[in-house]
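Residue numbers begin at 1 in each chain, while the letters A, B, ... track the order of the sequences.
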Amino acid sequence: MQLGNKLRRARFENDELTQADLAAAVGVTRQTIISIEKGNYVPSVLLALKIARFLQKPFEELFFIMEDDGKIHSTPKQERNTP
Amino acid sequence: MNIKLFLLLIILLALLAYGLLPRTRLARRFKMNETLFYMMNIIGVLCGVVGLIVTLIWPHTILSHHYFELILLPAFLVFLFAAAVMNIQSPDAPYDEKQNHDMTTAAALSLPFSVGGMFLLYAMYKEGMIDGLMWFPVFIFLSLTVFSSATLYYYKHR
């Protein structure tokens, strides 16, 4: 199980934002953004939230859990509200 | 010029620059960025490798002729410069979270290497193969090499 992301697509949807621009906006280095996009580095919750806020996307749309068999595990909205 | 005097002069000048840099206009020009991070680690690897080679080839002269300090000098200067830049820019968080993560992993890796190296040196010393004082340069250069190279590797490839 690992963390997947749609960061690359979100950047392109955001006026083809470069990795360097995104990195500068959220206060990290370009290499950190590259590693997150490749799935090599799992960002902290704070950084992931900063990225989602800057790209104006819901957190769940950018980051998701990927099962070992490649299936994407999405969290339905009604599940989130149950205790 | 005497090598001891030269080293002392350089270190004093570097410490003076460290103290004065934040007060000058030049301070705004320097940033703790990826280039400086790479430079620190590349110089760390170079000094470490050169130091290890020289220590293994000329174990006695490296300490008696102060080559040990001379080889470490570039690493010391670049680390001091980075420390000055960090001091000016953002003392709370000089590195980003991945850099911190990579350096922590590299430090954890350099510990068993250093301990292993010390065990090997101890065994060689007990057999009378090497001088007892050699542990210090080997420990410093080995730790520097493993730490800097592992940091570079993790930063670039993970």
Taking atom CZ of B:F139 as the centre, report whether more than 12 heavy atoms of other residues, nucleotides or ligands fall under 6.0 Å from it.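 Counting neighbours around CZ of B:F139, 12 or fewer heavy atoms of other residues, nucleotides or ligands fall under 6.0 Å, so no.
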
Would you say OH of B:Y122 has more than 12 non-hydrogen atoms from neighbouring residues, nucleotides or ligands within 6.0 angstrom?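 Count not over threshold, so no.
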
Atom [atom1] of [X] and atom [atom2] of [Y]: how far apart are they, to the nearest 0.5 Å?
| X | Y | atom1 | atom2 | value |
| --- | --- | --- | --- | --- |
| B:T55 | B:F68 | OG1 | CZ | 8.0 Å |
| B:L13 | B:L9 | CG | CG | 5.0 Å |
| B:N100 | B:K98 | CG | NZ | 11.5 Å |
| B:L46 | B:I71 | CG | CD1 | 12.0 Å |
| B:F81 | B:M86 | CZ | CE | 10.5 Å |

Taking the side chain as C-beta and beyond, is there a heavy-atom pair between B:V85 and B:N33 under 4.5 Å?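 Answer no - side chains too far apart.
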
Give the interface residues of residues 17-40 of chain A toward chain B, defined by a heavy-atom separation under 4.5 Å.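 Hits under 4.5 Å: A:G27, A:V28, A:T29, A:R30, A:Q31, A:T32, A:S35, A:N40.
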
With chain B as the partner chain, list the residues of residues 44-55 of chain A whose heavy atoms fall under 4.5 Å from it, by residue number, and write 'none' if nothing qualifies.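 Residues A:S44, A:L47 are the ones that qualify, each having a heavy atom under 4.5 Å from chain B.
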
Kindly write out the residues that satisfy side-chain hydrogen bond (donor to acceptor under 3.5 Å, both in side chains) with A:E13, not counting sequence neighbours, or none if the list is empty.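 Here the qualifying residues are A:K57.
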
How far apart are the C-alpha atoms of B:F147 and B:F113, what are their side-chain angles, what is the distance that settles it, and do they pass the ring pair (Phe, Tyr, Trp, His ring centres under 6.0 Å) test? CA-CA 10 Å; B:F147 175 75; B:F113 268 91; over 10 Å; no

Hphob cluster co-occupancy, [X] + [Y], side-chain heavy atoms under 4.5 angstrom:
| X | Y | result |
| --- | --- | --- |
| B:F6 | B:I11 | yes |
| B:V115 | B:W135 | no |
| B:V146 | B:L111 | no |

Mind checking which of residues 150-158 of chain B sit less than 4.5 Å from chain A, heavy atom to heavy atom?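 From residues 150-158 of chain B, the residues near chain A are B:Y155, B:K156, B:H157, B:R158.
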
